[in-house]
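What follows is one structure encoded as structure tokens, with my remarks underneath.
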Amino acid sequence: MAVLGLADPADGDWGRLRGLQYSSLARVSQVRVVAHVFAAIGAALVYYGSVHVAALIGWFATLCGSLYYGVMIDKALFDVDQRRIGRDEVNKQTFSAIGNALVWIVPMAAFAPFGDPAQRLELWAITAMLMTASAVLLPAVPLANVVFSSIVALSALVSFAVGQAYGMAMLALLFGVMIALGAIENARSFLTARIAESAMAEKSEVVSMLLREFEEGEADWLWQIDTSRRVRSVSPRFAFALGLTNDQIDGKPFIQLVAGPAWDSGQFPSSLHDLAERLKRRESFSNLLVRVTIGGQQRWWELSGTPKFNDSGNFDGFRGVGSDVTEQRESSEKIAHMARFDTLTGLPNRMMVTEALGEAIRYADQWRTKCAFLMIDLDRFKAVNDTLGHLVGDRLLARVSERLKALVTENELCGRLGGDEFAVVIRDASDHNRVERVALAVIEILSRPYEVDHHTLYIGASVGTAVGPRDGTTVETLMRNADLALYRSKEEGGGQHFGYEPALHAQAEERRKLEFSLRRALELGEFKLNYQPVVDALDESIVSFEALIRWHSEEHGMVRPDKFIPLAEDTRLIVPIGEWVLREACMEAVRWPSGIKVAVNVSGEQLLDPGFIASVVQALSASGLPAQRLEVEVTESIFLRDATTARNALEQIMSLGCGVALDDFGTGYSSLAYIRNLRFSTIKVDRSFVQGAATGSPESLAIIRAVVAMAESLEMSTTAEGVETEKELETIRALGCRKIQGYYFGRPMPAEEARALFKATKLRANA
Ligand code: C2E
Ligand code: CA
Ligand code: CA
């Protein structure tokens, strides 16, 4: 049924297959017409004389009409192998075959009765031949064939039967069936062949596509030049690489083809000049990188070539391979750029800076001059990064580098060493003032306010310099010494420039030694706690003690906390030290009367440590001190690092029942917002305001008043720190601070002395 076109099985694209099937029709259309016309003429001649001529002509005309209709239908199918064929088109074919067959019934039915049996046999032979021819010629339209031969054979059968030629009738029936079966079989194999053919065509299309791709992907090509360096036997790929046709290339000088406008000017790029030289000298070369100009575009070619010699050993030109490596080269240039430049700021990175410094040192050595290295560190950058986020931090760094770039001249190179560290290499620093000038200019320009994302940011810069060869003759020593100088200016509070001096080494060495001792101080039991009383502003009774650490080092003697606490923070030694302080202070505090609290200082480093809460719990449980009697003192600086973690840690401390005091209020970033956001138990006003207030400074007075008012409204307590004199005490009292701490009431004292205070009070009370 499928072959006949009466059914379209679900599998396969039958519309398309039918298209392939019918595509041969248009081709054999004329042959069919010719066959029919000859057969019709034959039939007419058989009955010429026995049938009226007019009837014969009328029949012949009708046949021609039906053939014309058939040709028209076939014509419409000319493009059918490119498209799908519709069912209506198949039907039209069938109708045209039926019409055709009906015309062919006429001779058997209408002419034969007028003739004799011999004429009928002749007519049968002609129609049988026509049926056979159709079945063979038109395998594409089996249905039309089957319809045609069935109808014609049937009419012959009837005609023979009527003429009582039963044997012939049987024969006609048999023949008709065989033709029909043959037509179907023929069509089946025809269709199978078409299917196979179309699959082949598809396959070869794929192969050629793959080949094309392979050719395009393959970058190498062959080139060949003759003795006068003219291109010969151009390969298609070489022509493609040149962007020209073979004719445009053949016989042209090789160099002309790749030189572009340089050919006329003679100003070859050095690589091209090199190539020309080698060709002239008949030298072989491999992987020569050549800058060429193809179609006005600059490209990089990699060329290899060897001279050719003919049979008699004479030079016969060059032969070689080449490839376009522009893309690879550009990406490797990009990689090289990335390896030497900082991606965030576009400034030279550490690697390039050290290279430049090495260069400057060599230059200074060669010309007996000096070079200099400036190490720059931004002040307060960390605060910006931590509070406003890395995005703002990154933008700020970009601004900083813009300013640096604008500052440097040809004699200098500025770069980013990483983080917020920058550097400037001064190639010729023979004028010492120049170094100082550049350093101060750097500080000045970087300290101007920045506008980033609607924030006005104030940061500063510290600079340390080292001058070669005086301060070092190698990259390493110059960098280390500039770093030491930078450390010094940071230590002095930033915003300054320090040059390297050998004494810095001694200081660094001292610091290193101190660190070494500090590491062992805990084990050696060199720490002690002193306690300073804090009294009630009204009745002057002791309300608490602040625990203050003391270090008596075997090597360094008494070391002030201002000196070793920052060092301990830098080295994170503050974590174990702080734990010890907590434990020790709690142990001591349980010995005091139950109303007396103990205050312990906690550094940011310590607070952010994940084990901090556990260490507080541990100190409380080991000593048995109620949490309400412990107050932790923190400064505002903890909020600059990681405000969220700091706040979480403090909230956990508070939920234990401990108090949290804000220490040194007014000295740092002083924002009342910090106070509002956390339920501090106490605000400690820094000693400088106490002194200021006592001497009548309006700002100090205003700040203390504001803090006291705010603290009162939030039910927080206030402590004035460092009250030393009667006058200070009176001023503070008048301002309304609730608690007072200072030498006036007692210096930090050893634990025994603090304990003795209670005995004394008791004694006095008893007395
Ligand atoms: P701080 O927390 O502000 O401690 C108060 C400082 O003021 C103490 O200095 C104390 O001796 C001093 N002071 C108290 N009253 C007066 C006064 O009337 N006049 C003057 N001029 N000074 C007074 P100290 O003991 O040298 O401690 C310095 C800093 O070291 C402390 O400042 C604190 O930040 C830190 N520190 C001390 N012990 C520890 C500790 O155990 N852990 C941590 N993380 N830091 C500590
Ligand atoms: Ca304190
Ligand atoms: Ca303080």
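Both ligands and their constituent atoms are indexed starting at 1 by order of listing. None of these values were measured; they are calculated from a predicted model.
In this structure, Q741 does not count as a contact residue of ligand 1, since none of its heavy atoms falls inside 4.0 Å of the ligand. Note on ligand 1: K684 sits outside its first shell, no heavy atom being nearer than 4.0 Å. Under a 4.0 angstrom heavy-atom cut-off, S603 registers as being in contact with ligand 1. Residue R550 places a heavy atom less than 4.0 Å from ligand 1.
With 3.0 Å as the limit, E721 counts as an N, O or S neighbour of the Ca ion (ligand 3). With a cut-off of 3.0 Å, the Ca ion (ligand 3) has an N, O or S atom of D664 in range.
Less than 4.0 angstrom separates some heavy atom of E721 from each of these atoms of ligand 1: 3 (O). Which parts of ligand 1 touch P561 is read off a 4.0 Å heavy-atom cut-off, strictly below it: atoms 24 (P), 25 (O), 26 (O), 27 (O), 30 (O). Within the listing of ligand 1, atoms 2 (O), 4 (O) sit less than 4.0 angstrom from a heavy atom of E546.
If you look at I577 next to ligand 1, there are no close heavy atoms at all, none under 4.0 Å. At a heavy-atom cutoff of 4.0 Å, ligand 1 is contacted by no atom of T635, backbone or side chain. By the criterion of a heavy-atom distance under 4.0 Å, neither the backbone nor the side chain of V600 is placed next to ligand 1.
Remark: R511 is positioned above the aromatic ring of Y487, its terminal NZ or CZ atom under 6.0 angstrom from the ring centre and at most 45 degrees off the axis. Both tests do not hold together for R519 against F516: distance to the six-membered ring centre under 6.0 Å, angle to the ring axis within 45°.
Salt bridge present: E492 and R488 bring a charged side-chain N and a carboxylate O closer than 4.0 Å. No salt bridge links E421 with R416; every basic N to acidic carboxylate O contact stays at or beyond 4.0 Å. Ionic pairing of D379 and K490 is present here: one or more N-O contacts between side-chain nitrogen and carboxylate oxygen are shorter than 4.0 angstrom.
For an aromatic pair to be called close, the ring centres must be under 6.0 Å apart, and F545 with F758 satisfies this. Close placement of the Y500 and H505 rings is indicated, their centers lying within 6.0 Å of each other.
With respect to atom 19 (N) of ligand 1, the closest heavy atom belonging to the protein is E724 OE2, 2.5 Å.
The OE2 atom of E546, the Ca ion (ligand 2) and the OD1 atom of N601 define an angle of 90° (nearest 10 degrees).
For D663, the N, O or S atom with the smallest separation from the Ca ion (ligand 2) is OD2. Within E633, the N, O or S atom lying nearest to the Ca ion (ligand 2) carries the name OE1.
Defined by atom type and a distance below 3.5 Å, a donor-acceptor pair is missing between the side-chain atoms of S489 and H497.
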